Amino acid sequence: MGARHAFRRLSIVKPSAVAVFEAHNTAMRVLVVEDEVKLGKLLVRGLGEEGHIADLAEDGTRAIGMARAMQYDVILLDVMLPGLDGYGVCRRLRRDGIWSPVLMLTARDAVEDRVEGLDAGADDYLMKPFSFEELLARLRALGRRAPRERPSVIEVGDLRLNPAAHRAWRGEVELDLSAKEFALLELFMRHPGAVLTRDQLLERAWDIAFENRSNVVDVYIRYLREKIDRPFGADSLETVRGVGYRLKATA
Ligand code: CA
């Protein structure tokens with residue numbers, strides 16, 4: 001009995017409209033992160049039968065180690081893992097600069113769970129129970145993306161910023177920034193090491209044209225330092241006298 005049939009029996013399957021099989025699948029290297037060993041092994045076997053190369057990691061720590069050692073085309077990541085959960089694994093991978101597409105497996109149909117997964121840097125999610133056909137279709141879609149195409153998080157040193165989710169962190173600590181502080185920080189993080197003049201900052205971070213109000217920038221830089229540097233004993237936002245400001249490339 002093929003794994004696809006075993007999968008049907010073990011799991012649950014309604015034939016999926018998504019299941020459109022391509023004549024020639026490109027072989028992918030897939031990391032399956034799943035603590036339910038029976039399901040994990042079945043997934044690995046099923047993917048193998050489809051011509052893919054799949055490895056199994058039974059917990060988050062092992063998954064991170066394997067993803068560091070090998071570039072996977074897709075990481076299939078269960079949310080509910082003992083110890084470090086799927087969100088934590090995904091955040092750690094992204095922070096380490098590992099951009100393999102992540103397909104998150106979630107057991108719950110809660111919108112917040114999906115949002116949390118996407119915030120953590122996942123590319124797509126699939127709700128358990130799912131059909132093997134749908135899993136294959138999603139994997140193919142993700143496998144077509146180049147892993148470095150669209151980082152969802154910008155990193156400079158240990159500063160991280162997720163533009164879509166409007167969240168930013170220094171290390172593990174989430175920063176509580178106003179909309180304007182966030183806009184400024186994003187601007188700096190998109191140009192690490194570059195000097196941005198007050199005019200450039202005004203023009204790009206403020207919608208309104210200020211006339212000779214460049215001290216507004218100075219005030220906001222002070223606010224920003226109070227949030228991203230001072231509490232952490234950091235000194236990442238430099239004043240370049242007579243020119244403007246610069247975020248150190250190492251933050
Ligand atoms: Ca699990």
Side-chain angles (χ1 to χ4, degrees), residues 10-11 28-47 52-130 135 138-139 142-143 145 147-176 231-232 251:
L10 182 85
S11 162
M28 289 187 283
R29 186 171 274 277
V30 183
L31 177 60
V32 176
V33 189
E34 172 62 82
D35 60 308
E36 291 159 55
V37 178
K38 201 171 173 186
L39 177 58
K41 286 185 172 163
L42 204 47
L43 287 168
V44 166
R45 208 173 102 210
L47 290 168
H52 303 301
I53 302 157
D55 299 324
L56 180 61
E58 289 168 23
D59 64 61
T61 309
R62 231 168 298 180
I64 290 166
M66 290 167 80
R68 277 187 184 136
M70 166 78 64
Q71 191 179 329
Y72 287 97
D73 298 309
V74 179
I75 298 173
L76 188 58
L77 179 58
D78 188 32
V79 169
M80 303 293 281
L81 296 168
L84 190 63
D85 69 10
Y87 304 127
V89 172
C90 197
R91 284 195 192 94
R92 187 84 61 85
L93 291 175
R94 297 320 191 210
R95 211 175 55 216
D96 289 357
I98 296 165
W99 292 105
S100 300
V102 168
L103 176 58
M104 204 84 117
L105 298 179
T106 164
R108 294 160 294 180
D109 186 18
V111 174
E112 309 84 71
D113 287 350
R114 285 180 250 158
V115 169
E116 183 168 1
L118 297 174
D119 278 358
D123 298 84
D124 198 3
Y125 64 90
L126 189 56
M127 230 159 10
K128 285 180 171 178
F130 52 86
L135 172 67
R138 299 286 189 95
L139 287 178
L142 286 176
R145 296 184 190 170
R148 288 187 179 272
E149 253 172 26
R150 16 170 253 111
S152 55
V153 176
I154 309 169
E155 295 188 47
V156 179
D158 68 348
L159 284 172
R160 285 181 299 136
L161 181 140
N162 181 328
H166 258 256
R167 298 172 72 185
W169 300 262
R170 163 79 80 182
E172 290 297 303
V173 181
E174 181 153 11
L175 303 169
D176 182 21
F232 304 93

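Being a predicted model, the structure only gives us computed values, none of them experimental. One-based numbering along the sequence shown.
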Counting only N and O atoms by type, is there a donor-acceptor contact under 3.5 Å from the side chain of [X] to the main-chain atoms of [Y]?
X      : Y      : value
Asp73  : Arg29  : yes
Asp96  : Ile98  : no
Asp123 : Val102 : yes
Arg138 : Tyr125 : yes

Verdict with reasoning, Val33 to Asp78, per side-chain contact (heavy atoms from CB on, under 4.5 Å): CA-CA 6 Å; Val33 189; Asp78 188 32; 5.6 Å; no
Candidate pair Leu43 and Val30, rule side-chain contact (heavy atoms from CB on, under 4.5 Å), full reasoning: CA-CA 10 Å; Leu43 287 168; Val30 183; over 6 Å; no
Give the minimum heavy-atom separation between [X] and [Y], together with the two atoms involved.
X      : Y      : value
Leu159 : Ala251 : CD1-CB, 3.8 Å
Trp99  : Val153 : CH2-O, 3.7 Å
Leu77  : Gly86  : CD2-O, 3.3 Å
Leu31  : Ala57  : CD1-CB, 4.1 Å
Arg94  : Glu155 : O-OE2, 2.6 Å
Leu93  : Ala67  : CD2-CB, 3.7 Å

Could you give the distance from [atom1] ([X]) to [atom2] ([Y]), rounded to the nearest 0.5 Å?
X      : Y      : atom1 : atom2 : answer
Glu174 : Arg167 : CD    : CZ    : 4.0 Å
Leu42  : Leu47  : CG    : CG    : 9.5 Å
Arg92  : Leu84  : CZ    : CG    : 5.5 Å
Met104 : Leu126 : CE    : CG    : 12.0 Å
Met70  : Ser100 : CE    : OG    : 11.0 Å

Lys/Arg N to Asp/Glu carboxylate O, Glu172 vs Arg91, below 4.0 Å: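 No, no charged N to carboxylate O under 4.0 Å.
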In the structure I gave you, are the side-chain heavy atoms of [X] and [Y] within less than 4.5 Å of one another anywhere?
X      : Y      : value
Leu161 : Ile154 : yes
Val44  : Glu34  : no
Leu175 : Phe232 : yes

Side chain to side chain contact (heavy atoms under 4.5 Å, CB included), paired with Glu36, selected from Lys41, Lys128, Glu58: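 Considering Lys41, Lys128, Glu58, a side chain to side chain contact (heavy atoms under 4.5 Å, CB included) with Glu36 is found only for Lys128.
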Qualifying residue for side chain to side chain contact (heavy atoms under 4.5 Å, CB included) with Tyr72, from Val74, Leu76, Ile75: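 Option passing the side chain to side chain contact (heavy atoms under 4.5 Å, CB included) with Tyr72: Ile75.
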Residue pair Ile64, Val89: steps toward the side-chain contact (heavy atoms from CB on, under 4.5 Å) verdict: CA-CA 7 Å; Ile64 290 166; Val89 172; 4.0 Å; yes
